[in-house]
> 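Structure below; questions to follow.
Below, each value reflects all heavy atoms present in this structure, side chains not excepted, and no hydrogens, waters or symmetry copies. Lettering follows sequence order; numbering is per chain, from 1.
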Protein chains: 2
Amino acid sequence: MPADRAPTRIQKKNRAAILEAALDVFSSHGFRGSTVDQIAKAAGLSKPNLLYYFPSKEAIFNELMAGLLDTWLDPLRALDPEGEPLEEILAYVQRKLQMSRDFPRESRLYANEIVQGAPRLHDVIASDLNVLVEEKARLLQGWMDAGRINRAHPKHLLFSIWSLTQHYADFDAQVRTLMGDEDPFDAAPQYLETLYRRMLTPQS
Amino acid sequence: MPADRAPTRIQKKNRAAILEAALDVFSSHGFRGSTVDQIAKAAGLSKPNLLYYFPSKEAIFNELMAGLLDTWLDPLRALDPEGEPLEEILAYVQRKLQMSRDFPRESRLYANEIVQGAPRLHDVIASDLNVLVEEKARLLQGWMDAGRINRAHPKHLLFSIWSLTQHYADFDAQVRTLMGDEDPFDAAPQYLETLYRRMLTPQS
DNA sequence: CGTGAGTTTGACCAGTTGGTCAAATCATTG
DNA sequence: CAATGATTTGACCAACTGGTCAAACTCACG
């Protein structure tokens with residue numbers, strides 16, 4: 001393993017290549033289903049060479065996850081208490097949808113983990129994510145109490161946004177097969193905007 | 001392997017126990033992540049004993065999947081062209097949600113497969129499911145054209161129903177952690193009914 | 001209660017997998 | 001260009017995994 005001095009040119013390049021390859025492999029086979037050899041080959045390295053940069057398969061996975069979670073929550077963090085409620089929510093939905101389009105592997109990596117019971121993620125969900133969700137749920141509740149958006153269970157509202165947007169990344173294989181030639185992302189933004197607009201636009 | 005005569009009492013019991021155990025194990029670790037030993041132990045058998053009833057790990061998986069897909073599509077098949085459109089759709093949503101509550105392992109097994117690119121399911125999705133979806137999408141489009149429900153992309157409408165309902169099974173670990181004491185299934189039916197009612201109730 | 005089919009198991013095998021290590025090669029810099 | 005540290009690799013290991021097999025055991029039934 002490289003000393004903990006400043007990383008050399010080669011270290012930077014190879015660590016990046018490994019993480020990129022690992023994202024590819026882990027997101028399409030899950031942790032258990034992925035082999036170090038697969039990742040090494042995808043990164044253009046030999047297995048021992050890869051293990052020169054990371055102490056273990058699990059270490060690669062953890063670093064990937066740590067990096068992922070931060071960017072993953074950014075769109076929700078950006079939900080602005082000062083903004084116009086409905087537009088804020090619609091913008092959040094579109095940001096999240098955009099992430100499913102641009103980073104489907106990250107979405108699937110996360111989905112893989114949660115579906116399998118989140119063994120390696122339970123702590124961070126129970127702490128960081130929980131705090132953020134509580135905060136934003138209160139914000140949404142406030143907007144509802146003020147009559148600025150229609151009432152709905154705030155946490156379920158958040159779940160529905162995650163679910164609907166990530167579905168296009170996580171179930172990509174199914175969605176594309178059923179859509180035929182049509183790109184799912186052509187109509188999805190419109191569909192979701194309509195859905196949440198109709199649902200949340202305040203009715204007297 | 002047992003001869004292909006009528007199954008004995010023991011065969012019936014053990015095959016059922018194996019499939020039950022396999023559902024448990026496969027749905028929480030995926031195919032690659034599950035071992036025959038795990039399944040055998042969960043079924044209360046030794047590994048060679050299990051392999052006396054099924055020729056291979058893959059055979060267990062396939063039999064499980066074959067059984068699953070049929071029941072999985074039933075709720076959609078039951079969408080009745082003769083019924084009142086909005087109520088038909090709302091009933092479909094509730095049936096699907098009920099399945100997430102009653103058969104979360106089946107949902108996760110399916111999710112696991114699709115997230116990983118549906119390698120073992122692509123054919124059946126492209127044939128059986130595709131036919132069913134095309135049929136029901138036309139039905140929904142007809143209802144919209146007749147002004148009986150609000151307009152929305154019919155396939156995306158179906159995707160959203162799957163996504164929202166299955167989310168409660170597939171992301172159960174996350175949902176429960178974030179809901180604390182509250183059972184997600186307490187508010188979910190109400191939330192989804194409201195969502196689709198507001199979205200689809202025809203507006204002049 | 002004996003006997004043949006149905007059932008169970010311990011021992012085993014070959015292939016895979018995560019990970020190690022010493023030796024070889026390469027890059028940087030004094 | 002020497003020499004020192006960084007990088008790479010082939011050979012290897014122990015644990016695990018899917019699957020086999022012959023021998024032992026159990027059960028239903030005449």
Side-chain angles (χ1 to χ4, degrees), chain A residues 1-65 109 112-113 116 119-120, chain B residues 1-65 112 116 119-120:
Chain A
M1 7 147 167
D4 50 6
R5 336 184 149 282
T8 69
R9 176 181 56 88
I10 296 177
Q11 273 168 44
K12 234 181 278 185
K13 194 193 65 174
N14 281 346
R15 284 183 58 96
I18 290 169
L19 288 173
E20 164 66 23
L23 176 59
D24 232 64
V25 174
F26 280 140
S27 71
S28 47
H29 305 290
F31 180 79
R32 247 325 284 279
S34 306
T35 76
V36 176
D37 243 337
Q38 260 179 318
I39 300 173
K41 201 151 291 179
L45 300 175
S46 67
K47 184 170 62 161
N49 199 178
L50 180 150
L51 288 166
Y52 169 71
Y53 290 101
F54 287 87
S56 70
K57 178 182 167 181
E58 197 150 6
I60 306 175
F61 184 86
N62 289 338
E63 186 146 333
L64 213 51
M65 269 296 168
L109 179 61
N112 248 313
E113 276 305 290
Q116 305 195 358
R120 293 165 245 273
Chain B
M1 9 143 166
D4 50 5
R5 336 184 147 280
T8 69
R9 176 182 56 88
I10 297 179
Q11 274 168 42
K12 233 182 277 185
K13 194 193 64 176
N14 281 347
R15 285 184 58 96
I18 290 169
L19 288 173
E20 164 67 22
L23 176 59
D24 233 65
V25 174
F26 281 139
S27 72
S28 47
H29 304 290
F31 181 78
R32 254 307 303 268
S34 305
T35 75
V36 175
D37 242 337
Q38 262 178 318
I39 300 172
K41 201 152 291 178
L45 300 174
S46 66
K47 184 170 61 160
N49 199 178
L50 180 149
L51 289 166
Y52 168 72
Y53 291 101
F54 287 87
S56 70
K57 179 180 167 183
E58 197 149 8
I60 307 174
F61 185 86
N62 289 338
E63 184 145 335
L64 213 49
M65 270 297 168
N112 249 313
Q116 304 196 358
R120 292 166 244 273

> Identify each donor-acceptor pair in which a side-chain atom of residues 36-46 of chain B lies under 3.5 Å from a protein atom, sequence neighbours left out, and give them as a table.
{"residue": "B/Gln38", "atom": "OE1", "partner": "B/Thr35", "partner atom": "N", "Å": "2.9"}
{"residue": "B/Ser46", "atom": "OG", "partner": "B/Asn49", "partner atom": "N", "Å": "3.3"}

> Using OP1 and OP2 only, check whether a side-chain N or O of B/Arg9 sits under 4.0 Å from D/dC27.
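The answer is no; no side-chain N or O of B/Arg9 sits under 4.0 Å from OP1 or OP2.
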> Ignoring backbone atoms, establish whether B/Tyr52 has a side-chain N or O less than 4.0 Å from OP1 or OP2 of D/dC21.
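B/Tyr52 to D/dC21 OP1/OP2: no side-chain N or O under 4.0 Å.
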> Tell me the interatomic distance from A/His29, atom NE2, to C/dG18, atom P, rounded to whole angstroms.
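Result: 12 Å.
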> Counting only side-chain nitrogens and oxygens, does A/Thr8 get under 4.0 Å of the OP1 or OP2 atom of C/dT28?
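Checking A/Thr8 against C/dT28: no side-chain N or O falls below 4.0 Å of OP1 or OP2.
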> Counting C-beta onward and ignoring hydrogens, is there a side-chain heavy-atom pair between B/Phe54 and B/Asn14 closer than 4.5 Å?
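When only atoms from C-beta onward are counted, B/Asn14 and B/Phe54 do not touch, as no gap falls below 4.5 Å.
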> Taking atom C1' of C/dT9 as reference, at what distance in whole Å does atom OH of B/Tyr53 sit?
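Rounding to the nearest Å, OH of B/Tyr53 and C1' of C/dT9 are 13 Å apart.
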> Expressed in angstrom and rounded to an integer, what is the separation of A/Leu50 atom CG from C/dT17 atom P?
15 Å
> Check this one for me: any side-chain N or O of A/Gln11 less than 4.0 Å away from OP1 or OP2 of D/dA6?
no
> Does D/dA6 have OP1 or OP2 sitting under 4.0 Å from an N or O in the side chain of A/Asn14?
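No, because none of the side-chain N or O atoms of A/Asn14 sits under 4.0 Å from OP1 or OP2 of D/dA6.
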> Measure from the side chain of B/Pro48, starting at C-beta and using heavy atoms only, and say which of C/dA11, D/dG19, D/dT8 lies closest.
C/dA11
> May I ask you to decide if A/Thr8's main-chain N or O and A/Lys13's side chain share a donor-acceptor pair within less than 3.5 Å?
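Pair absent, no side-chain N/O of A/Lys13 close to backbone of A/Thr8.
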> For the atom pair CG (B/Asn62) and NZ (B/Lys57), what is the distance rounded to the nearest 0.5 Å?
12.0 Å
> Given side chains that start at C-beta, do those of B/Met65 and B/Arg120 come closer than 4.5 Å, heavy atoms only?
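The answer is no, as the side chains (C-beta and beyond) never meet within the 4.5 Å cut-off.
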> Choose from C/dA11, D/dT8, C/dT8 the nucleotide whose nearest atom is closest to any side-chain atom of A/Asn49.
D/dT8
> Does any residue of residues 30-42 of chain A have a heavy atom under 4.0 Å from DNA chain C, and if so, which ones, in number order?
A/Ser34, A/Thr35, A/Val36
> To the nearest Å, how far apart are B/Leu51 CG and C/dC12 P?
19 Å
> Counting only distance, no hydrogens or angles, is the base of D/dG19 paired donor-acceptor with the side chain of B/Lys47 under 3.5 Å?
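Check passes, donor-acceptor contact within cut-off.
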> Is the phosphate of C/dG10, meaning OP1 or OP2, less than 4.0 Å from a side-chain N or O of B/Ser46?
no
> Do B/Gln116 and B/Arg32 touch side chain to side chain, with heavy atoms closer than 4.5 Å?
no
> Check the distance between D/dA15's P and A/Lys57's NZ and give it to me in whole angstrom.
18 Å
> Want to settle it: does A/Ile10 or B/Leu45 sit nearer the 5' end of DNA chain C, counting the closest nucleotide to each?
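With A/Ile10 and B/Leu45 compared, the 5'-side residue is B/Leu45.
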> Given atom NZ of A/Lys12 and atom C1' of D/dA6, what is their separation to the nearest angstrom?
16 Å
> If the plane angle is over 60° it's perpendicular, under 30° parallel, otherwise tilted; pick one for B/Phe61 and B/Phe26.
perpendicular
